[in-house]
Amino acid sequence: MPLVSAPTLSWAELPHYSFEYPSPLLNLRWTLGCGQAFRWRETAEGWWVGVVRGCVLRVRSQGDTVEYAAYPHLPDPGFWPDYLRLDFDLEAMYSELGALDPHARASFESWPGLRLLRQDPTETITSFLCTTANSIPRIARAIEGMSVAWGEPIATIDDRSYHGFPTAEVFTEEIIPTLERDCNLGYRAYNLVRAMEQIAAKPPGWANSLRAMPYAEARAELMSVRSIGPKIADCVSLFALDKDEAVPVDTHVRQIALELYLPEITQKSLTTNVYNRIASRFREMFGERAGWAQEYLFFSHLMRHRDTPVL
DNA sequence: CTATGACCTGC
DNA sequence: CAGGTCATA
């Protein structure tokens, strides 16, 4: 790794820019901290700092103004509207889905401005392979460790070094011990490498091509990779592939569904059958934007049973 | 088709 | 037990 090529800088010396967006329709803390992305952290001054597609970014909201800086530059000129999916009509979603269900409506009112992101498919796959039976802080530390170990150094800014996300080719058998121990991934290390080897062997651009497929096809492609089950496939579909009808069913969503919508489910465990019944129920209720309803209800539940340090 | 256990750590 | 998955019974 050519560490010398990464410069030392301070945020203050970097140019800052801004754009306007109504604050009730964009809440950075909830959007970047809700567990769909793992490389953002909040500073004491209220900046969110992260690395996306090889660029270091910092961003914050002041009223309806969104300020940001980027090094060496934005991933592309239209980055923010793309990454934050600012073209998605959140207000319409609130009124249309809110009218269908009082619980959804309440979650929209509690967490206005929570948005789903459009993240990099390969990074999202890699990240969510680390989430199995794991907690958000530990996932974030593992991903940070992987980036420091195998990601391209970008810069040191205000005494913090930033690295790109490791490419799929990095994940070979030799690094399993490092993943297990240094990155603290435990048994997930083996699953991660096994999956990434399979992905690296796919035709170039495989992960990005999933976005152009219908949801069912993309999901099946993802699940053809060993260690990617229904939950991870749906997380990738929803957080990276624009598949708004994807409904990741985790323990939180399962509890919500059994409590509010499907009391007749008696199975103790989350079988494939139960998983599909819950996800289908969300789609019956909320249609092609079921994943948004899922995210709001999930986040409400997570905050009620506060097991995350984010907020 | 369902249920159970194993898999690494730590809060 | 945690924002699961796979193998086995």
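Each chain gets a letter, A, B and so on, in the order the sequences are listed, and its residues count up from 1. This one's a predicted model, so the numbers in the text were calculated from it and none came from an experiment.
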[X] [atom1] to [N] [atom2]: how many Å, rounded?
X      : N     : atom1 : atom2 : value
A:R188 : C:dA2 : CZ    : P     : 13 Å
A:I143 : C:dG3 : CD1   : P     : 15 Å
A:R254 : C:dC1 : CZ    : C1'   : 13 Å
A:N134 : C:dT5 : CG    : P     : 13 Å
A:N191 : C:dC6 : CG    : C1'   : 9 Å
A:L192 : C:dG4 : CG    : P     : 16 Å
A:Y190 : C:dT5 : OH    : P     : 17 Å

Next item on the list: Nearest-nucleotide wise, let me know which of A:F298 and A:R194 is further upstream toward the 5' end of DNA chain C.
Entry: A:F298
Next item on the list: With sequence neighbours excluded, give me every side-chain hydrogen bond (donor to acceptor under 3.5 Å, both in side chains) pair touching residues 270-282 of chain A.
Entry: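 Of all non-adjacent pairs touching residues 270-282 of chain A, those that pass side-chain hydrogen bond (donor to acceptor under 3.5 Å, both in side chains) are A:D234-A:Y275.
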Notebook entry, point to check: Do you know the tightest heavy-atom contact between A:Q119 and A:T124?
Noted result: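 Residues A:Q119 and A:T124, closest heavy atoms: CB-OG1, 3.4 Å.
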Next item on the list: For A:A142, enumerate each residue passing the side chain to side chain contact (heavy atoms under 4.5 Å, CB included) test, keeping only those at least two apart in sequence or located in another chain.
Entry: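 If we apply the side chain to side chain contact (heavy atoms under 4.5 Å, CB included) test to A:A142, skipping adjacent residues, the hits are A:L185.
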Item checked: All side chain to side chain contact (heavy atoms under 4.5 Å, CB included) counterparts of A:R211, not counting sequence neighbours -> A:R118, A:P121, A:L241, A:D242
Notebook entry, point to check: For DNA chain C, which ranges pair as stems of 3 or more consecutive Watson-Crick or G-U pairs, with both donor-acceptor distances under 3.5 Å?
Noted result: B:2-7 with C:4-9
Notebook entry, point to check: Any donor-acceptor pair under 3.5 Å linking the side chain of A:R115 with the backbone of A:L25?
Noted result: yes
Note to self: Whether the side chain of A:E123 engages the backbone of A:A240 through a donor-acceptor N/O pair (distance < 3.5 Å, no angle test) should be reported.
What the structure shows: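 Here the side-chain-to-backbone pair does not exist.
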Check: Quick one: ring-ring contact (aromatic ring centres under 6.0 Å, His included) pairs with a partner in residues 175-210 of chain A, sequence neighbours left out?
Finding: none
Margin query: Taking C:dG3 as the reference, what is the distance to B:dA3 when you measure between their P atoms (whole Å, please)?
Written below: 22 Å
Check: On a whole-Å scale, what distance lies between the P atoms belonging to B:dC8 and C:dA7?
Finding: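 Each nucleotide's P atom is 15 Å from the other's.
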Checklist line | First and last nucleotide of DNA chain B, 5' to 3', lying under 4.0 Å from heavy atoms of chain A | finding: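 With heavy atoms of chain A under 4.0 Å away, the range is B:dT2 to B:dT9.
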Item checked: Qualifying residue for side chain to side chain donor-acceptor pair (under 3.5 Å) with A:Y296, from A:W30, A:Y94, A:W111 ->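 Only one option passes, and that is A:Y94.
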Sequence neighbours excluded and cut-off under 3.5 Å, please list the side-chain donor-acceptor pairs for residues 65-75 of chain A, or say none.
{"from": "A:T65", "atom 1": "OG1", "to": "A:E20", "atom 2": "OE1", "distance (Å)": "3.2"}
{"from": "A:T65", "atom 1": "OG1", "to": "A:E20", "atom 2": "OE2", "distance (Å)": "2.8"}
{"from": "A:E67", "atom 1": "OE2", "to": "A:R60", "atom 2": "NE", "distance (Å)": "3.1"}

Check: What residues form a salt bridge (Lys or Arg N to Asp or Glu O under 4.0 Å) with A:E96, not counting sequence neighbours?
Finding: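 Result, salt bridge (Lys or Arg N to Asp or Glu O under 4.0 Å) vs A:E96: A:R289.
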Next item on the list: Mind checking salt bridge (Lys or Arg N to Asp or Glu O under 4.0 Å) for A:D76 and listing every partner two or more places apart, or none if nothing turns up?
Entry: A:R53
Notebook entry, point to check: Mapping A:Y187 and A:Q267 onto DNA chain B by nearest heavy atom, which one lands closer to the 5' end?
Noted result: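 The residue closer to the strand's 5' end, by nearest nucleotide, is A:Q267.
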Margin query: Side-chain heavy atoms nearer than 4.5 Å, only ILVMFWY residues, links allowed to pass through others: does that put A:W292 and A:L117 together?
Written below: yes
Note to self: Measuring centre to centre across the rings, with the benzene-like ring taken for any Trp, is A:W48 within less than 6.0 Å of A:W40?
What the structure shows: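 So the answer is no for these two rings.
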Notebook entry, point to check: Which residues within residues 217-242 of chain A lie with some heavy atom under 4.0 Å of an atom in DNA chain B?
Noted result: none
Next item on the list: Go through residues 269-285 of chain A and report each residue with a non-hydrogen atom lying under 4.0 Å from DNA chain B, sorted by number.
Entry: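 Correct list: A:S269, A:T271, A:N273.
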Next item on the list: Tell me, please, which residues at least two apart from A:W47 pass ring-ring contact (aromatic ring centres under 6.0 Å, His included).
Entry: A:H16
